[in-house]
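Written out below as structure tokens is the structure these notes cover.
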Amino acid sequence: MLFTLAIYASPAIWLPHHLGYTGTLVASLLLLASIAVLVLRFSGRVTGRLPRAVTIPQSFPKGCS
């Protein structure tokens, strides 16, 4: 019911009609870049250390094939 009243009857906005194709592309890229900046800013801090390497033994214990 809410969909029918609020969304279905409203006119569709088509960005290339208002901004042109180039303007729509630029606006989309700016929006994606701003989302990426926010995600990188609020994500956990990255330390400068690399994870420790895992050593794999050259020979397997007896009983393992």
For Ser28, side-chain contact (heavy atoms from CB on, under 4.5 Å) partners two or more places apart
Thr24

Applying the side-chain contact (heavy atoms from CB on, under 4.5 Å) test to Phe42, which of Leu38, Val39, Leu40 qualifies?
Leu38

List, by chain and number, the other hydrophobic cluster members for Leu29, where Ile, Leu, Val, Met, Phe, Trp and Tyr join if side-chain heavy atoms come within less than 4.5 Å, directly or indirectly.
Leu25

With sequence neighbours excluded, what pairs up with Leu30 under the side-chain contact (heavy atoms from CB on, under 4.5 Å) test?
Val26

Checking one residue: Val37. Which other hydrophobic residues are in its cluster under the side-chain 4.5 Å linking rule?
none

Near His17 NE2, under 6.0 Å, is it more than 12 heavy atoms from other residues, nucleotides or ligands?
no

Leu32: which residues meet the side-chain contact (heavy atoms from CB on, under 4.5 Å) condition with it, sequence neighbours left out?
none

For Tyr21, which residues count as a side-chain contact (heavy atoms from CB on, under 4.5 Å) partner, sequence neighbours excluded?
Trp14, Pro16

